[in-house]
Enquirer: 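Submitted below is the structure of interest, expressed as structure tokens.
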Number of protein chains: 2
Amino acid sequence: MDIDDIKNMEEFAHIVGISRPTISKYFNDAESVRQTTRLKIEEALKKYNYRPNIYAINQNRKLTKNIGIIVPFLADPFFAEIARFIERRILSLGFTPSLFSAHGDPEIEKTILDTLRSLRPAGVLLAPLGRASDKRYIKDFCRDVPTILFDSNIEGMGEAFVGSDNYSFVSQTVEYLSRTGTPPTFFEMRNPANPNANKRRNSYIAMMEKLELEANFIQVDGNGWAFEEIGRAGALEILKQDALPTNTILCSNDRLAIGFLSACHKLGIQVGRDENSEIRVASHDDHPYSKFTCPSLTTAAHDYESVASYAVETLFKLIEEGGHLKNREEKLFSARLIMRDSA
Amino acid sequence: MDIDDIKNMEEFAHIVGISRPTISKYFNDAESVRQTTRLKIEEALKKYNYRPNIYAINQNRKLTKNIGIIVPFLADPFFAEIARFIERRILSLGFTPSLFSAHGDPEIEKTILDTLRSLRPAGVLLAPLGRASDKRYIKDFCRDVPTILFDSNIEGMGEAFVGSDNYSFVSQTVEYLSRTGTPPTFFEMRNPANPNANKRRNSYIAMMEKLELEANFIQVDGNGWAFEEIGRAGALEILKQDALPTNTILCSNDRLAIGFLSACHKLGIQVGRDENSEIRVASHDDHPYSKFTCPSLTTAAHDYESVASYAVETLFKLIEEGGHLKNREEKLFSARLIMRDSA
DNA sequence: AACGATATTTTACGCGCGTAAATTTTATAT
DNA sequence: ATATAAAATTTACGCGCGTAAAATATCGTT
């Protein structure tokens, strides 16, 4: 008799023998009703699988239980990975995550902001596209919806920022590479979409200065999010004309490094930290596949778990405070150097 | 004067000078109102950025404009890629996609089915976990919600299935490898989670039989979705004991192949189709990174675009027909052999 | 047994919109 | 100008639930 033809809370309340407002209270917070009542309700829930109408609930509640998550490019496993952590965390808190990807397109990012706005979420975790983002649009959104930025910061927007400390990434790789061999040349995109790239460049400059070493750059052209292809094409060009300033390459991120390694293999250039190898390659992010490149990639790892946890925690603090925090905190997590075979 | 303090359709209708039902009609279908009226409304929409309350809309409409998308593991770029195609297609049709990942967990898959059920979507595109899925739960869901399966089929469930023709994948790779060198040994997981894996195995057997060649298998242990790691560990073991039946390896999918290539590099085994190489490695899927492996991976490519388009089209046909199709179509798209350097 | 503190019920209203039917206005053609 | 069809309006009702206030019931306590 698992007849699920119960149409509304009224009917369900009738069956349980309890008033509708009490049922409503139960679904809002199961702990808020008497123990015996709770058992009666949960018993009935097993027999008849009634669930309140989400739309009717959210129409009347000031605060929904939705949490929006926006990432710039979900086909990038880095974002897929961090989104995975965040989703699980939100689910475990009894909220409903809604995941969106801008697919690298600022117009889609705006569309997502619009639909998210009308979802009236309790809060939003936003990793913006960065340079390509419509800043004013995002600002307006943050004004109306409790939002926390993560991964890539935009000065002053959102109630807080949670991400990784780019200086911590670069300083560790630069220090390690300089100490164990020739100083690194920085390999990056000329016009990176992501603001983190600029911070990494500056960190590289600062670190090389501190070590009293000469900073060298290779800047490759290319737009969009096909970093591997951009890195590969750029590396092929440079390597063919034998124009490397030093035989140690530090890529701005792992996806560029994947392209770089691909180019090296293509040209028969052996990469690694052993004596037989011609060049060393290191990078940043600990991309899920950096362990499986050939050779495996020496890199600086994000603390995925901490970034995700802290972002979610901060968001819930924000929600509890009613949508505003006294001062905009910028929380940065340190990187962890992961030594593999490429450098 | 972009005051967006318009609270409801009533107010907005007042401002435009048109009755509320007409406004309602406009938002349902902009073409259904008179041209002059439409212009008046759209003019007002620019000044005051009013948008109808989604929850109130969906509470009353029988059919929402939501489309659910469920994939088994979004951190797998293959699914991220196909989800990307599907999302764009749905957006262009004026519907709202909601993307969910089961994260490899059957319990999460069930939770998603529950929340999706209460979203009352117009339709759902479901790529199930496969072996681990709760079949009865999915069956019940398909009974209540217009659902189309994609990528991985479960016999009889959903109103249709859209995916790739595994035989087309394997027959092409096997034919190519056999013709140009020693016949391939099939490399796979002993207990694959995905039903496609079994079809590929059977296709391999059938194809080898047809070519009158001996079928050889390497089956590695491992559970879950960390295919690269599983492939790597399995390959290391086999390669160390020099136990390859033939010097040509055909991996069930690209992620296993990525692990296999990683193992080869670790052991200094050169992979490729030139004379210097010891073994050849090929695979299936045209994973987004298969172009950047070392060496680049010879593989059979999904027709991502066609699978995504056809799945969405079929879903909309299903929606128009009211949730049921006469007979359950199983549409399979052929693979395209992509010759790169690994075989 | 009487008390106060919770828990529950009753009552009543509102949320923002969909939708159907009957009526009136507008546009198009004759 | 008149007939006709299409579009818009008016009217009226319903959706399923949240929520506030006042009344009542239940509980453990003294």
Side-chain angles (χ1 to χ4, degrees), chain A residues 4-45 48-66 94 96 115 117-122, chain B residues 4-45 48-66 94 96 115 117-122:
Chain A
D4 48 356
D5 55 351
I6 299 176
K7 291 198 170 159
N8 50 30
M9 204 177 265
E10 195 77 53
E11 273 189 40
F12 183 68
H14 234 88
I15 289 170
V16 187
I18 293 180
S19 76
R20 186 177 68 74
T22 306
I23 306 282
S24 172
K25 219 178 164 199
Y26 167 83
F27 278 109
N28 234 317
D29 177 9
E31 307 283 343
S32 73
V33 300
R34 199 182 296 162
Q35 187 67 7
T36 57
T37 324
R38 185 178 166 180
L39 289 176
K40 274 197 284 184
I41 295 175
E42 285 170 352
E43 197 107 337
L45 275 178
Y48 318 85
N49 64 333
Y50 163 76
R51 295 193 53 175
N53 182 307
I54 287 192
Y55 299 108
I57 290 178
N58 287 331
Q59 179 177 13
N60 299 313
R61 247 209 283 267
K62 312 136 212 278
L63 225 57
T64 71
K65 288 221 164 190
N66 299 327
T96 306
T115 62
R117 194 192 283 268
S118 62
L119 277 177
R120 295 210 328 272
Chain B
D4 48 354
D5 55 352
I6 300 176
K7 292 203 171 159
N8 51 31
M9 204 176 266
E10 196 77 53
E11 273 189 41
F12 183 69
H14 234 87
I15 290 171
V16 187
I18 294 180
S19 75
R20 187 179 66 74
T22 306
I23 306 284
S24 171
K25 220 178 162 196
Y26 166 83
F27 278 109
N28 235 318
D29 177 11
E31 308 281 344
S32 71
V33 301
R34 198 181 297 160
Q35 187 68 7
T36 57
T37 323
R38 184 178 166 179
L39 289 177
K40 275 195 283 182
I41 294 176
E42 285 169 352
E43 197 106 339
L45 275 179
Y48 317 84
N49 63 333
Y50 163 75
R51 294 192 54 174
N53 182 307
I54 288 193
Y55 299 110
I57 290 178
N58 287 330
Q59 178 176 14
N60 299 313
R61 247 209 283 266
K62 309 138 214 279
L63 225 57
T64 71
K65 287 219 166 193
N66 300 326
T96 308
T115 61
R117 192 193 285 268
S118 62
L119 277 177
R120 297 209 325 271

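Throughout, protein chains are lettered first and strands after them, A, B, ... in sequence-line order, and every chain is numbered starting at 1.
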Enquirer: Which of residues 20-30 of chain B sit near DNA chain C, with a heavy atom under 4.0 Å from it?
Expert: B/R20, B/S24, B/N28
Enquirer: What is the distance, to the nearest angstrom, from the CD1 atom on B/I54 to the P atom on C/dG18?
Expert: 12 Å
Enquirer: Determine all donor-acceptor pairs shorter than 3.5 Å in which one atom belongs to a side chain in residues 14-27 of chain A; sequence neighbours excluded.
Expert:
unit_1	atom_1	unit_2	atom_2	d
A/S19	OG	A/T22	OG1	3.0
A/Y26	OH	A/E42	OE2	2.9

Enquirer: Please report the closest heavy-atom contact between B/R38 and B/A30, naming both atoms and the distance.
Expert: CD-O, 3.5 Å
Enquirer: Heavy atom of residues 8-16 of chain A under 4.0 Å from DNA chain D: which residues?
Expert: A/N8, A/M9
Enquirer: When rounded to the nearest 0.5 angstrom, what is the spacing between CZ in B/F12 and CG in B/L45?
Expert: 4.0 Å
Enquirer: Nearest whole angstrom, please: distance from the C1' of C/dA7 to the CD of A/Q35.
Expert: 13 Å
Enquirer: Under the side chain to side chain contact (heavy atoms under 4.5 Å, CB included) rule, what do B/E11 and B/Y50 come out as? Steps first, then yes or no, please.
Expert: CA-CA 10 Å; B/E11 273 189 41; B/Y50 163 75; over 6 Å; no
Enquirer: Checking A/N60 now: which residues fulfil side-chain contact (heavy atoms from CB on, under 4.5 Å) with it, not counting sequence neighbours?
Expert: none
Enquirer: Knowing that exactly one of B/I57, B/I54, B/T96 qualifies, which makes a side-chain contact (heavy atoms from CB on, under 4.5 Å) with A/S118?
Expert: B/I54
Enquirer: Taking only side-chain N and O atoms of B/Y50, does any of them lie within less than 4.0 angstrom of OP1 or OP2 on C/dG16?
Expert: no
Enquirer: Between atom CG in A/N60 and atom P in C/dC15, what is the gap in whole Å?
Expert: 10 Å
Enquirer: Check whether any side-chain nitrogen or oxygen of A/S32 sits under 4.0 Å from OP1 or OP2 of C/dA7, and answer yes or no.
Expert: no
Enquirer: Is A/R120 reaching over with its side chain to a backbone N or O of A/R61, donor-acceptor style, under 3.5 angstrom?
Expert: yes
Enquirer: Using whole Å, what does the distance between atom P of nucleotide D/dG18 and atom NZ of A/K65 come to?
Expert: 12 Å
Enquirer: Distance check needed: C/dC15 C1' versus A/Q59 CD, whole Å only.
Expert: 5 Å
Enquirer: Can you see which heavy atom on B/Q59 is nearest to which on A/A56, and at what distance?
Expert: NE2-CB, 3.4 Å
Enquirer: Can you pull every protein N or O that's under 3.5 Å from an N or O on nucleotides 25-27 of chain C?
Expert:
unit_1	atom_1	unit_2	atom_2	d
C/dT26	O3'	B/R34	NH1	3.4

Enquirer: In whole angstrom, what separates A/E31's CD from C/dA7's P?
Expert: 12 Å
Enquirer: Please assess B/L119 against B/T115 for the test side chain to side chain contact (heavy atoms under 4.5 Å, CB included), listing each intermediate value before the final yes or no.
Expert: CA-CA 6 Å; B/L119 277 177; B/T115 61; 5.6 Å; no
Enquirer: What residues, two or more places apart in sequence or in another chain, satisfy salt bridge (Lys or Arg N to Asp or Glu O under 4.0 Å) together with B/E43?
Expert: none
Enquirer: C/dC17 P sits how many Å from B/I6 CD1, rounded?
Expert: 11 Å
Enquirer: Report the distance from atom CD1 of A/I41 to atom P of C/dA7, rounded to the nearest whole Å.
Expert: 13 Å
